[in-house]
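Report on the structure given below.
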Amino acid sequence: MKGLILVATAICLLAACKGGKHELSEGQMKQIMWDLSRGEAFHTYYLVRDSARNADSAAMAVYAKILAFHKVSADDFFYTLDIYRNDPKRYRILMDSVNAYGSKQREILFAPEETAADTSAPKVRKQIRSANE
């Protein structure tokens, strides 16, 4: 009888663990944190200026949309964030990678148009030369 209770308890515990919160990878956290910071900027500079909106509910709606876009539950995100915050070394690495990711995204966004055209020009010239030969 005791063995049956022990097995039933073990099965219940394993089932509870499978349905629990999941730790997100550093890559996922980096992208989510970057998008959340952009969402906060959007909220601060555009949504808060509209006095008819409730600022807190508008912010929560923006955050919910970002998490939904990344297909991550709020529980999983905050669980993972707590893990990173409790380990200062990992948290520092995460924040540094978010900063580097943001710098790279800004570089891509503000790259001059002619730079993009210049990089493809040699390829086009080579294709034209080979077609003419």
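All residue numbers refer to positions in the sequence shown, counting from 1. These values consider heavy atoms only, across backbone and side chains, with no hydrogens, waters or symmetry-generated copies.
- The hydrophobic cluster containing F77 also contains Y91, counting ILVMFWY residues as joined when their side-chain heavy atoms lie under 4.5 angstrom apart, directly or transitively.
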| task | Given side chain to side chain contact (heavy atoms under 4.5 Å, CB included), test L81 with M29 step by step and report yes or no. | result | CA-CA 8 Å; L81 188 61; M29 284 297 289; 4.1 Å; yes
| Residues E40, Y63; criterion side-chain hydrogen bond (donor to acceptor under 3.5 Å, both in side chains); working and verdict | CA-CA 8 Å; E40 181 145 355; Y63 300 150; 3.1 Å; yes
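- Separating the CZ atom in F42 from the OG atom in S37 is a distance of 14.0 Å, to the nearest 0.5 Å.
- For the salt bridge (charged side-chain N to carboxylate O under 4.0 Å, His left out) condition, no pair includes a residue of residues 101-111, sequence neighbours left out.
- Among residues two or more places apart in sequence or in another chain, the side-chain contact (heavy atoms from CB on, under 4.5 Å) test is passed with E23 by Y79, T80, I83, R90.
- Every side chain to side chain donor-acceptor pair (under 3.5 Å) that S73 has, sequence neighbours left out, goes to D76.
- A continuous path of ILVMFWY side-chain contacts below 4.5 Å connects M95 to L24, so both sit in one hydrophobic cluster.
- Taking all atoms of both residues into account, the shortest heavy-atom contact from S97 to K30 is O-CD, 3.5 Å.
- Follow the hydrophobic side-chain contacts under 4.5 Å out from F78 and you reach M33 in the same cluster.
- Rounding to the nearest 0.5 Å gives a distance of 6.0 Å between CD1 of I66 and CG of D35.
- Hydrophobic clustering keeps F69 apart from V72 (ILVMFWY residues linked when any side-chain heavy atoms are closer than 4.5 Å, directly or through intermediates).
- Rounding to the nearest 0.5 angstrom, the gap separating the CZ atom in R92 from the CG atom in D87 is 9.5 Å.
- Rounded to the nearest 0.5 Å, atoms OG (S103) and CH2 (W34) are 7.5 Å apart.
- For the pair Q28 (side chain) and S25 (backbone), a donor-acceptor distance under 3.5 Å is present.
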